[in-house]
Asker: 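One structure, as structure tokens, below. Some questions next.
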Amino acid sequence: MDPHYHPQAVEAEAQEYWEANRSFQVSEEPGREKFYCLCMFPYPSGRLHMGHVRNYTIGDVISRYQRMCGRNVLQPMGWDAFGLPAENAAMKNNVAPAQWTRENIEYMRGQLRQLGFAYDWQREIATCDPDYYRWEQWFFTRLLEKGLVYRRESTVNWDPVDQTVLANEQVIDGRGWRSGALVEKRRIPQWFVRITAYAEELLQGLDDLPGWPAQVKTMQRNWIGKSRGVLVRFPRTDAGEPLEIFTTRPDTLMGVTYMALAAQHPMVEAAAADNPELASFIDECNRGSTAEADLAVMEKKGLPLGISVRHPITDEEIPVWVANFVLMEYGTGAVMSVPAHDQRDWEFARAYGLPVRQVIAPATADATVDLDSGAYVDAGVLVNSGPFDGLDSAEAFDDIAAYLSERKLGDVQVNFRLRDWGVSRQRYWGAPIPVVHREDGTVLPVAEDDLPVVLPENIRYEGGANPLHSMTDFLNAGTDDAEQPLRRETDTFDTFMESSWYYARFACPDASGMLDARANYWLPVDQYIGGIEHAILHLLYARFFHRLMRDEGLVETDEPFANLLTQGMVLKDGAKMSKSKGNTVDPQALIEQYGADTVRLFMMFAAPPEQTLEWSDSGVEGAHRFLRRLWKLVGSDELPPVSVTDWTALQLTGNATALRRKTHQTIAKVSDDVSRRYTFNTAIAAVMELCNEINRFKPTGEGDRAVLREALESVVLLLSPITPHICHRLWFSLGHEQAVIHERWPAADPAAMRESELRLAVQVNGKVRAQLQVPADAAEDAIKAAALADENVQRFLEGREPKKIILVPRKLVNIVVA
RNA sequence: GCCCGGGUGGCGGAACUGGUAGACGCUGUGGACUUAAAAUCCAUUGUCCUUUGGACGUGCGGGUUCGAUUCCCGCCCUGGGCACCA
């Protein structure tokens, strides 16, 4: 065997073997345990970045491990191919988005192959392929028929110079990123999917996902935001509909001193008609971005409408204000303000000189209220609340709700923060929304036989308006039954639509319908892996879409992803790697210099998968050095495999017994790390320790040789999911005829792992003062006696009698004095 | 602003259920080999104290405990998400 490790040759050889043998092509095998391992598919942005390499290496390690455990493993790969960057690239480089995207896919597919991932490439999907998105279009028309999608007006960012809708990301400090023009909010009709109809189920479903990280479930719970409160109607002092608000704190109702409305609230718009100051305030509110983060940090501003309502209990007159921090999209677009017991209301009241009225007092004497420095927001006991005085907040909630309900002034209501999913995008590079418009403004779904609505790909893209607007062939959709002309919709779908069901299509990529029975063999995904940045939106939409497909009879399960691993970001210089920040590290250069195995090993070794990984160029070299040592260590053993049937019959030297113990402890440790903890970094560290021990081991007889052999084979088997190419080669060089991918994962022998002696720490008052070597089966009293007998321990006891001796089995003895 | 994370040597990280802080690797330093360099191998590498040994040390300030990186309270810094980036 070549004494030098040449990764390029080794990796080409392994990859050719896997390809020639179609090693990773799988089909349904009823009766055999399946394992569906999926990584979030990439957006084909041009080249792989380190985040991809990290994500896909984790998935590949898990897939290859599960395969060695005997499961029928599906690991597919595809492309989330629609999206904004293709349009930006088109403008910049004068190339059609379709062409740009497909060229990127070609290149990135080659990179993934070089990294040796065990994908079933026959299942490859690109979401920009009409064979894929036609089913999304079909499904949308089904939802339309069921009333699960609807059209209404909603707000977008409008660039008045470029005459185009901007994504939040394209609005920088309230201005269009290209034109620099002040962005305006504009309301246009858009399609929505009723995710709110599934809010309760999506919330409950989280309880049935033990394989999901708690933090992700918490984020989703908070996002769905279920709350119980009261819808209160405040009658107007003049004519007109009462003002409705939702509050979770009806116990503070007696402390309301003003009402606050969103600028888009109908009552505000009506009042602005004869109030120029108000009209200009609304204009001001209608500038800038629609992003919630921007709205939340804005200076809180407002204006009185000159309108008032009556308090539903006291009949007192309450002024109505418009405020820039109230969102029309939430609740009713109006809130009751209780400055004494809500911090934001308090700040607003301070700024505008509105009264602060305390109606809640602390339930315990030690709490204090200082309304000059801020609101008192905790629950407590009602004061200044007339008939409700003395009730605690919980009782007051019920009593006040009942009072309002009897008088038809309010109702207990469950409210969700979750809003319906707006899926319309005023973009070219997306799946066309399959509807047509009549001249009278009514809308019809495209008939099933007329699907897919194919997006024209051979276009010139010059930015600004959606090029579909000027394509008469596309726009002309024939006539309806009454011979009236039909115009095709030019909006396309949110790309989250495609990524909400691709995992199911991978099970049956050539199905003649949206899905077929194969989906039910493979689903749910057993292990889903992707970036933590998708913790809410993508994962929630996919969970929702899965239920929609279930209710259409397409899948049998409730949840799409049984286990979820959220990988941390790859950062450099403390920031997410991105082209715009110019801090990317190109994996390609590393693959070419060191080989795929080095890159894979380094990525898995540098940090546990859930943690952010701060990139550093050093360390890659170290991973490569380890592989070179491994090559020499294993490759130099050219004796044939040893088969031992009964290890207990062998006479082993002390060193051999120790090495065998280390081997089996390592097998146990790595198995646990890979299968339960997903801490590949500690798994690799354990194998490195074993290699260090092998290096020090000098075999002297047949038994020693058998132990060495077992250790080397274990190293290769344990590393094979992580660095599959070098292990493929080394397994053959160890004399095996079958490729390592067909081998079973090794089992740890508990008898071999047993220690005969233990090393315990001896503490005096919690500080380590000595180390103790004791037989593994030593009695408690003997251990305590030995600990007390230690010279240094005696020195620190200073003749004092131990008050207590704490013995933690296998760990330490703590002698407590004084 | 709101929701969810993170903070441990010069660096990446380990310590899994409250039990010996710093595994494994990187870097640095010293040495071997070499005409020399690279590669490789060996030793060493938290700070401080003259020591066999000891003090300090896990963002900061408190608390609980025989014992806290781990649990509790209050801060600071930092990453992710906030519904049209994917």
Side-chain angles (χ1 to χ4, degrees), chain A residues 40 42-43 45 80 82-85 88 156-157 165-171 190 213-216 218-223 225 290-298 300 325 329 343-344 418-427 494-496 499 531-538 540-541 566 568-569 571 574-576 578 580 602 605-608 610-616 618-623 625-626 628-629 632 672-673 676-677 679 681-682 684-689 692 759-768 771 792 795 803-806 808 810-812 814-817:
Chain A
M40 291 180 187
Y43 177 79
S45 56
D80 188 14
F82 279 132
L84 195 53
N88 297 337
V156 294
N157 301 306
V165 173
L166 298 178
N168 282 338
E169 156 182 275
Q170 298 173 312
V171 180
Q190 307 202 63
Q215 60 158 301
V216 173
T218 303
M219 281 191 262
Q220 292 214 351
R221 274 188 201 105
N222 292 340
W223 185 262
T290 59
E292 193 191 316
D294 294 332
L295 299 174
V297 294
M298 272 185 333
K300 310 283 177 284
F325 57 85
E329 319 277 336
Q343 187 60 23
R344 195 174 55 182
L418 183 68
R419 308 200 297 256
D420 277 335
W421 176 15
V423 296
S424 298
R425 295 293 179 270
Q426 294 69 45
R427 301 270 157 67
D494 176 9
T495 57
F496 276 128
S499 57
I532 183 66
E533 68 273 22
H534 296 292
I536 295 174
L537 292 180
H538 161 60
L540 190 62
Y541 290 143
T566 49
M569 305 243 153
L571 307 179
K576 178 178 175 175
S578 71
S580 60
F602 174 70
F605 183 56
E610 309 218 51
Q611 231 168 79
T612 55
L613 186 155
E614 178 74 29
W615 180 264
S616 87
S618 62
V620 178
E621 190 71 47
R625 196 150 47 215
F626 172 75
R628 280 205 302 261
R629 276 199 299 264
K632 270 200 347 215
D672 187 48
D673 284 353
R676 180 181 66 88
R677 299 179 69 212
T679 50
N681 55 328
T682 54
I684 294 165
V687 175
M688 286 175 169
E689 281 186 55
N692 291 341
R759 203 175 150 82
L760 303 181
V762 184
Q763 299 181 331
V764 177
N765 286 338
K767 297 205 178 221
V768 179
Q771 297 287 336
N792 205 43
R795 192 153 77 84
K803 265 184 155 175
K804 191 156 55 157
I805 299 179
I806 293 155
V808 183
R810 308 176 59 84
K811 302 263 179 181
L812 57 75
N814 186 14
I815 301 164
V816 185
V817 288

Asker: Give A/Gln190 one of three labels, base, sugar-phosphate or nothing, depending on what nucleic acid heavy atoms sit under 4.0 Å from its own.
Answerer: base
Asker: Which nucleotide, in any strand shown, forms a Watson-Crick or G-U wobble pair with B/rC48, with both distances under 3.5 Å?
Answerer: B/rG54
Asker: What's A/Gln215 touching, base or sugar-phosphate or nothing? Going by heavy atoms closer than 4.0 Å.
Answerer: sugar-phosphate
Asker: For A/Arg625, which contact category applies under a 4.0 Å heavy-atom criterion: base, sugar-phosphate, or nothing?
Answerer: sugar-phosphate
Asker: Across the strands shown, which category fits A/Leu84 at heavy-atom distances under 4.0 angstrom: base, sugar-phosphate, nothing?
Answerer: sugar-phosphate
Asker: Which residue lies toward the 5' end of RNA chain B, A/Val216 or A/Thr495, if each is placed at its nearest nucleotide?
Answerer: A/Val216
Asker: With no angle test and no hydrogens, is the base of B/rC66 tied to the side chain of A/Gln763 by a donor-acceptor pair under 3.5 Å?
Answerer: no
Asker: Is there a side-chain contact between A/Gln763 and A/Val768, using heavy atoms and a 4.5 Å cut-off?
Answerer: yes
Asker: Sticking with atom C1', work out how far B/rC82 lies from B/rG13, rounded to a whole angstrom.
Answerer: 31 Å
Asker: Rounding to an integer number of angstrom, what distance separates B/rC71 and B/rA14 when you compare their P atoms?
Answerer: 16 Å
Asker: Strictly below 4.0 Å: does A/Asn168 bring a side-chain N or O up to OP1 or OP2 of B/rC82?
Answerer: no
Asker: What does A/Lys767 touch in the nucleic acid at a heavy-atom separation under 4.0 angstrom: a base, only the sugar-phosphate, or nothing?
Answerer: sugar-phosphate
Asker: Is there a side-chain polar atom (N or O) of A/Arg677 under 4.0 Å from OP1 or OP2 of B/rA15?
Answerer: yes
Asker: If the test is side-chain contact (heavy atoms from CB on, under 4.5 Å), which one of A/Leu295, A/Leu166, A/Asn157 qualifies with A/Thr290?
Answerer: A/Asn157
Asker: Between C1' on B/rG53 and CG on A/Asn792, what's the gap in Å once rounded to a whole number?
Answerer: 7 Å
Asker: Is A/Leu295 touching bases, backbone alone, or none of the nucleic acid, heavy atoms closer than 4.0 Å?
Answerer: nothing
Asker: Just so I know, are the side chains of A/Trp421 and A/Asp494 near enough to count as touching, which here means a heavy-atom distance under 4.5 Å?
Answerer: yes
Asker: Would you mind classifying the nucleic acid contact of A/Phe626 as base, sugar-phosphate or nothing, using non-hydrogen atoms under 4.0 angstrom?
Answerer: nothing
Asker: Need one value for A/Phe605: base, sugar-phosphate or nothing, where a base atom within 4.0 Å counts as base even if backbone is also close, heavy atoms only.
Answerer: base
Asker: Classify the side chain of A/Asn157 versus the base of B/rC84 as yes if they form a donor-acceptor pair under 3.5 Å and no if they do not.
Answerer: no
Asker: Would you indicate what A/Ser424 reaches in the nucleic acid, counting non-hydrogen atoms under 4.0 angstrom: base, sugar-phosphate, or nothing?
Answerer: base
Asker: Categorize A/Arg795 for me: base, sugar-phosphate, or nothing, with a 4.0 angstrom heavy-atom threshold over every strand shown.
Answerer: sugar-phosphate
Asker: Does the side chain of A/Ser499 pick up a donor-acceptor pair with the side chain of A/Asp80 at under 3.5 Å?
Answerer: no
Asker: Just to confirm, is there a sub-4.0 Å distance from OP1 or OP2 of B/rG81 to any side-chain nitrogen or oxygen of A/Asn222?
Answerer: no
Asker: Can you tell me how far C1' of B/rG79 sits from CD of A/Glu610, to the nearest Å?
Answerer: 15 Å
